[in-house]
Trainee: 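Could you have a look at this structure, given as structure tokens, before my questions?
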Amino acid sequence: MPLRFYNTLSQQVEEFTPAADNTVRMYTCGPTVYDFAHIGNFRTFTFVDLLRKCLRANGFHLNHVMNITDVDDKIIRNAVAQHKSLDEYTKIYTEAFLEDCAALRLERPERLAPATEHIHDMVDAIQKLGPHTYSSDGSVYFKIASFPTYGKLSHNDFSGNLSGARVDVDEYEKADARDFALWKTPKEGEIFWDTEIGPGRPGWHIECSVMAIKYLGDTLDIHAGGIDLVFPHHENEIAQSECLTGKPFARFWLHAEFLMVEGQKMSKSLGNYYTLRDLVGKGHAPEAIRYLLASVPYRKSLNFTIDGLKSAAIAIERLRNFKLRLETDRYADGVNQQLAERTALASAAFTAGINDDLNTAEALAAVFEFVRDANSAMDSGEFRAGNTPDALQFLNLFDSIFDVLKATAKAGELGDGEIDARIEARTAAKRARDFKLADQIRDELLAQGIILEDTKNGVRWKRK
RNA sequence: GGCGCGGUAGCCAAGUGGUAAGGCAAAGGUCUGCAAAACCUUUAUACGUCGGUUCGACUCCGUCCCGCGCCUCCA
């Protein structure tokens, strides 16, 4: 089952393997830590996490770098306004970001690279870019006219269109509207670094080129991010990097589509702007959020709704119930061959879906079809003990990508031993046909978040 | 205006040139002391519009309408 991804560069689905060895060199654009990340940011970061897990499931090792943009106009403005140092300010949001990622079970990349720790690497790169740059009022710009294939990622044609206009887009003087800043001279009261190319701070794009090349080499296997970064950010990264190394910057470019909220674009003014902590604070399980973000294939815009979140929570619950049943019910010895075959088919269909450009919707369909089949077999007594390992293995395969089956632990819950004792007491009451007492015990446990289920093989319980 | 993505059942959402996966919701049923869980049945004469190609299109081509993204910072 070959692994395929849609490559923004070629505008086609291509088979993927790493260029050099079995290790995938991957760079993904991380957060700008000027505020709490919102659910739209996490759509992209969840996609990246699925990508990691998918690559690993295909037997590849990962060397993945993600940047933390900890210096930019907004950060400087906010830090100054709050009388904080840059570090004080960005530390707050960097830590919040990492907490949020942990809540969503997003794996930590092999390296997180803060821009401010690479200022001198960037200065070196800007110097090396020499003929592709020019200075103006203390700032340094990249001259896109010096890079003939500029526009190849976003499929824009800039030839013939490069001179004339003198636009003051960024409050700096540029020779051409499309030229972009590599180094920005400080304005009054702004934070700056004193360097060989003068005082200032890096432009946004250069950090990614520099850190990617430094840690991963001249040519990346995969570069990924949100679709809004295609132009100008990734286009500019290509220009800088390829002028620096003379080699293709990345083989595969993957971009996640945007997210909408309740059918509308997310915006603070519409009141549909959610951070992860908003949603968790309202009682939505991080797993449900993760599931919803993961369930829509990344190249399709995702309509994030509270109803959808509830549906996601219920869907997860069904899968968890199935797993619990698999682990607690007892079945006759032997193997149901027909079911074993269907398990294998479901597993293959799941992998095929994931490997087909991360078609998570297709993969999920295989999971739910299997769950229905297996539950039916259990109900009709056709399920055999020998089918359990395969079924659990398939669920593990599913969870190795989706990672939603384990419930997020809550503080202050009853211990297992205590629960078992209460269940004993209830079973005794039932035997004595004292249903009133039995129900009372069940209700008490429920009030503490423990759900009891009577099955033909005895009582089982789960945490709410 | 340029570039890119999309419009499939109440909602979310796959998919193929030969007549529509899956999830949620809804209704009915089975099982159960009651629940819970689970299962079964039902729910798109039809895939935005109008044309074209074809023996046949939701799937290809063109038109139009609508939504979204980028073109200035942005996941």
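The sequence lines fix the lettering, A, B, ..., with proteins before strands; numbering per chain opens at 1. FYI, side chains are in, hydrogens and waters are out, and symmetry mates aren't considered; it's all heavy atoms of this structure. The model shown is predicted, which means the values in this text are computed figures rather than measured ones.
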Trainee: Quick one: label A:G308 by what it contacts on the DNA or RNA (base, sugar-phosphate, nothing), any heavy atom closer than 4.0 Å.
Mentor: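 Contact class for A:G308: none.
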
Trainee: Hey, is the main chain of A:A250 close enough, under 3.5 Å, to the side chain of A:D221 for a donor-acceptor pair?
Mentor: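 No.
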
Trainee: Within this structure, what is the CD-to-P distance between A:Q11 and B:rC70, rounded to whole angstrom?
Mentor: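 Distance, rounded to whole Å: 18 Å.
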
Trainee: Kindly state whether the pair A:F45 / B:rA75 counts as stacked, where counting means centroids closer than 5.5 Å and planes tilted less than 30° apart.
Mentor: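 No, the aromatic ring of A:F45 does not stack with the base.
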
Trainee: Does A:D157 get its side chain close enough to the base of B:rG2, under 3.5 Å, for a donor-acceptor pair?
Mentor: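 A donor-acceptor contact between them is absent.
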
Trainee: Picking from B:rC24, B:rA21, B:rC40, which would you name as closest to the side chain of A:E369?
Mentor: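 Of B:rC24, B:rA21, B:rC40, B:rA21 is nearest to the side chain of A:E369.
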
Trainee: With C1' as the reference atom in both, quote the distance from B:rG6 to B:rA14 in angstrom, rounded to an integer.
Mentor: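 B:rG6 and B:rA14 have their C1' atoms separated by 15 Å.
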
Trainee: Do A:H223 and A:F252 have ring centroids that are under 6.0 Å from one another?
Mentor: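 Not close enough - the centres of the two rings lie 6.0 Å or further apart.
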
Trainee: What integer number of Å spans the P atoms of B:rA35 and B:rG28?
Mentor: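 Roughly 15 Å separates the two P atoms.
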
Trainee: In whole Å, what is the span from the CZ atom of A:F97 to the P atom of B:rA75?
Mentor: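 About 10 Å, once rounded to whole Å.
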
Trainee: Counting side-chain heavy atoms from CB outward, which of B:rG7, B:rC73, B:rC39 is closest to A:K74?
Mentor: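 Per side-chain heavy atoms of A:K74, the pick is B:rC73.
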
Trainee: Of the listed nucleotides (B:rA75, B:rA14, B:rC73), which one gets closest to any side-chain atom of A:P232?
Mentor: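 Per side-chain heavy atoms of A:P232, the pick is B:rC73.
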
Trainee: For atom C1', what is the distance between B:rC47 and B:rG7, given to the nearest Å?
Mentor: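 My reading of the C1' atoms in B:rC47 and B:rG7 gives 10 Å.
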
Trainee: Send over the distance from A:D454 CG to B:rC31 P, rounded to a whole Å.
Mentor: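 So the CG-P distance, A:D454 to B:rC31, works out to 17 Å.
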
Trainee: Select base, sugar-phosphate, or nothing to describe what A:M260 touches, counting heavy atoms under 4.0 Å on all strands.
Mentor: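 Result for A:M260 = sugar-phosphate.
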
Trainee: How far, in whole Å, is B:rC31 from B:rU16 if one measures between their C1' atoms?
Mentor: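 So the two C1' atoms sit 39 Å from each other.
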
Trainee: Going by purine N1 to pyrimidine N3 plus the second Watson-Crick contact, or the G-U wobble pair, all under 3.5 Å, which nucleotide sits opposite B:rC68?
Mentor: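 Pairing partner, where one exists within any strand: B:rG4.
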
Trainee: Within the structure shown, what part of the strands sits under 4.0 Å from A:K310 by heavy-atom distance: base, sugar-phosphate, or nothing?
Mentor: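 Touches nothing.
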
Trainee: Does a side-chain N or O of A:N359 approach OP1 or OP2 of B:rA14 to a distance below 4.0 Å, or not?
Mentor: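 Indeed not, no polar side-chain atom of A:N359 lies that close.
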
Trainee: Want to settle it: does A:D373 or A:A365 sit nearer the 5' end of RNA chain B, counting the closest nucleotide to each?
Mentor: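 Its nearest nucleotide lies further toward 5', so the answer is A:A365.
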
Trainee: Contact class for A:A315 vs. all strands (heavy atom < 4.0 Å): base, sugar-phosphate, or nothing?
Mentor: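 The residue A:A315 makes sugar-phosphate contact but no base contact.
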
Trainee: Taking atom types as they are modelled, would you say the side chain of A:R442 forms a donor-acceptor pair with the base of B:rC34 within the 3.5 Å cutoff?
Mentor: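 When only heavy-atom distances are counted, A:R442 does reach the base of B:rC34 through a donor-acceptor pair under 3.5 Å.
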
Trainee: Ignoring hydrogens and angles, tell me if any N or O in the side chain of A:N67 forms a donor-acceptor pair with the backbone of A:E207 under 3.5 Å.
Mentor: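 No; judged by distance alone, with no hydrogens or angles, the pair does not exist.
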
Trainee: Under 6.0 Å between ring centres, would you say that holds for A:F394 and A:F370?
Mentor: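 A:F394 vs A:F370: aromatic centres under 6.0 Å.
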
Trainee: Taking atom C1' of B:rC70 as reference, at what distance in whole Å does atom CH2 of A:W253 sit?
Mentor: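 Nearest whole value for this atom pair: 15 Å.
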
Trainee: Under 4.0 Å, counting only non-hydrogen atoms across every strand here, what does A:L324 touch: a base, just sugar-phosphate, or nothing?
Mentor: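 If one applies the 4.0 Å heavy-atom cut-off, A:L324 turns out to touch nothing in the nucleic acid.
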
Trainee: Considering only the C1' atoms, how many Å lie between B:rU49 and B:rC40, rounded to the nearest integer?
Mentor: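 Each nucleotide's C1' atom is 40 Å from the other's.
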
Trainee: Taking only the side-chain nitrogens and oxygens of A:R320, find out if one of them lies under 4.0 Å from OP1 or OP2 of B:rA37.
Mentor: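 Answer is no, no contact under 4.0 Å.
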
Trainee: Determine the contact category for A:H38: base if any of its heavy atoms lies under 4.0 Å from a base atom, sugar-phosphate if only primed atoms, P, OP1 or OP2 are that close, otherwise nothing.
Mentor: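 Here A:H38 touches the bases of the nucleic acid.
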
Trainee: Which part of the nucleic acid, if any, lies within contact of A:N321, taking any heavy atom under 4.0 Å across all strands shown: a base, the sugar-phosphate backbone alone, or nothing?
Mentor: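 It contacts sugar-phosphate atoms only.
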
Trainee: Between A:H205 and A:H234, is the ring centre distance below 6.0 Å?
Mentor: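 No.
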
Trainee: Before accepting this row, confirm whether a basic side-chain N of the pair A:K53/A:D403 lies closer than 4.0 Å to the acidic partner's carboxylate O.
Mentor: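 The answer is yes: the pair qualifies as a salt bridge.
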
Trainee: What is the distance, to the nearest angstrom, from the CG atom on A:D439 to the P atom on B:rC34?
Mentor: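 Computing the A:D439:CG to B:rC34:P distance gives 11 Å.
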
Trainee: Measure the distance from CD1 on A:I316 to C1' on B:rG22 and round it to the nearest whole Å.
Mentor: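 The answer, rounded to whole Å, is 16 Å.
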
Trainee: According to the Watson-Crick and G-U wobble definitions, with both distances under 3.5 Å, which nucleotide is paired to B:rA57?
Mentor: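 The base-pairing partner of B:rA57, which may sit in any strand shown, does not exist here.
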
Trainee: Please confirm whether the shortest side-chain N or O distance from A:S376 to OP1 or OP2 of B:rC40 is below 4.0 Å.
Mentor: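 The answer is yes; a side-chain N or O of A:S376 sits under 4.0 Å from OP1 or OP2.
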
Trainee: Treating A:E453 as the side-chain partner and A:W461 as the backbone partner, does any N or O pair qualify as donor plus acceptor under 3.5 Å?
Mentor: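 Not a single qualifying donor-acceptor pair exists.
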
Trainee: Using a distance-only criterion (donor-acceptor N/O pair, under 3.5 Å, no hydrogens), is the base of B:rC73 paired with the side chain of A:D72?
Mentor: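 Side chain to base: no pair present.
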
Trainee: Just checking A:F36 against A:Y93, ring centres under 6.0 Å apart?
Mentor: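 Under 6.0 Å, so yes.
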
Trainee: Check every atom of B:rA14, B:rC39, B:rC34 against the side chain of A:E362 and return the nucleotide holding the closest atom.
Mentor: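 For A:E362, the side-chain atoms sit closest to B:rA14.
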
Trainee: Could you please name the partner base of B:rC24, counting Watson-Crick and G-U wobble pairs only when both distances are under 3.5 Å?
Mentor: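 Per the H-bond distance test, B:rG10.
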
Trainee: What is the distance, to the nearest angstrom, from the CG atom on A:D307 to the C1' atom on B:rG23?
Mentor: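 So the CG-C1' distance, A:D307 to B:rG23, works out to 14 Å.
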
Trainee: Taking 5.5 Å and 30° as the limits, would you call A:F435 and the base of B:rG33 a stacked pair?
Mentor: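 It does: the two rings, one from A:F435 and one from B:rG33, meet the stacking criterion.
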
Trainee: Classify A:L259 by what it touches in the nucleic acid, base, sugar-phosphate, or nothing, heavy-atom distance under 4.0 Å.
Mentor: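 The residue A:L259 makes base contact.
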
Trainee: Describe the nucleic acid contact of A:V296 in one word from base, sugar-phosphate, nothing, applying a heavy-atom distance below 4.0 Å.
Mentor: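 Sugar-phosphate contact only.
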
Trainee: Counting side-chain heavy atoms from C-beta on, which of B:rA13, B:rC24, B:rC40 comes nearest to A:R318?
Mentor: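 Looking only at heavy atoms from C-beta outward on A:R318, the closest nucleotide is B:rC24.
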
Trainee: What does B:rA38 pair with, Watson-Crick or G-U, if both distances are under 3.5 Å?
Mentor: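 Looking at the geometry, B:rA38 pairs with B:rU30.
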
Trainee: Paired with B:rU63 by Watson-Crick or G-U wobble geometry, both distances under 3.5 Å: which nucleotide is it?
Mentor: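 Here B:rU63 is not engaged in any pair, so there is no nucleotide opposite it.
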
Trainee: Rounded to whole Å, how long is the line connecting atom CG of A:D35 with atom P of B:rA75?
Mentor: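 Rounded to the whole Å, the gap is 11 Å.
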
Trainee: I want to verify a distance call: between B:rG6, B:rA75, B:rC5, whose nearest atom is closest to the A:K300 side chain?
Mentor: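 Of the options given, the side chain of A:K300 lies nearest B:rG6.
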
Trainee: Need to verify one output field. Residue with the more 5' nearest nucleotide on RNA chain B, A:L302 or A:I227?
Mentor: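 Taking each residue's closest nucleotide, the earlier one in sequence belongs to A:L302.
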
Trainee: What contact category does A:S311 fall into here, base, sugar-phosphate, or nothing, at under 4.0 angstrom with non-hydrogen atoms?
Mentor: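 Counting heavy atoms under 4.0 Å across all strands, the contact made by A:S311 is with sugar-phosphate only.
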
Trainee: Distance check, P atoms only: B:rA36 and B:rA46, in whole angstrom units.
Mentor: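 Rounded to whole Å, the distance is 38 Å.
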
Trainee: Under 3.5 Å, is there any donor-acceptor pair linking the side chain of A:R325 to the base of B:rA38?
Mentor: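 Result: no qualifying N/O pair found.
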
Trainee: What's A:F231 touching, base or sugar-phosphate or nothing? Going by heavy atoms closer than 4.0 Å.
Mentor: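 Touches sugar-phosphate only.
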
Trainee: Quickly, which of A:D454, A:D439, A:D434 forms a side-chain hydrogen bond (donor to acceptor under 3.5 Å, both in side chains) with A:R426? Name it, please.
Mentor: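 By the side-chain hydrogen bond (donor to acceptor under 3.5 Å, both in side chains) criterion, A:R426 pairs with just one of A:D454, A:D439, A:D434: A:D454.
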
Trainee: If only side-chain N and O atoms of A:K430 are considered, is one of them under 4.0 Å from the OP1 or OP2 phosphate oxygen of B:rG33?
Mentor: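 Negative; the distance criterion is not met.
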
Trainee: B:rG18 and B:rG23: how far apart are their C1' atoms, nearest whole angstrom?
Mentor: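 My reading of the C1' atoms in B:rG18 and B:rG23 gives 28 Å.
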
Trainee: Provide the distance between the two P atoms, one in B:rA44 and one in B:rG22, to the nearest whole Å.
Mentor: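 Between the two P atoms, the distance is 13 Å.
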
Trainee: At 4.0 Å (heavy atoms only), tell me whether A:P297 reaches a base, stays on the sugar-phosphate, or touches nothing.
Mentor: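 Here A:P297 touches the backbone only, sparing every base.
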
Trainee: Taking the six-membered ring for Trp, is the centroid-to-centroid distance between A:H38 and A:Y274 below 6.0 Å?
Mentor: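 Aromatic pair excluded; centres sit 6.0 Å or further apart.
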
Trainee: With respect to the side chain of A:N156, which nucleotide from B:rA13, B:rG2, B:rA75 is positioned closest?
Mentor: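 The nucleotide sitting nearest to the side chain is B:rG2.
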
Trainee: Select base, sugar-phosphate, or nothing to describe what A:F368 touches, counting heavy atoms under 4.0 Å on all strands.
Mentor: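 The residue A:F368 makes sugar-phosphate contact but no base contact.
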
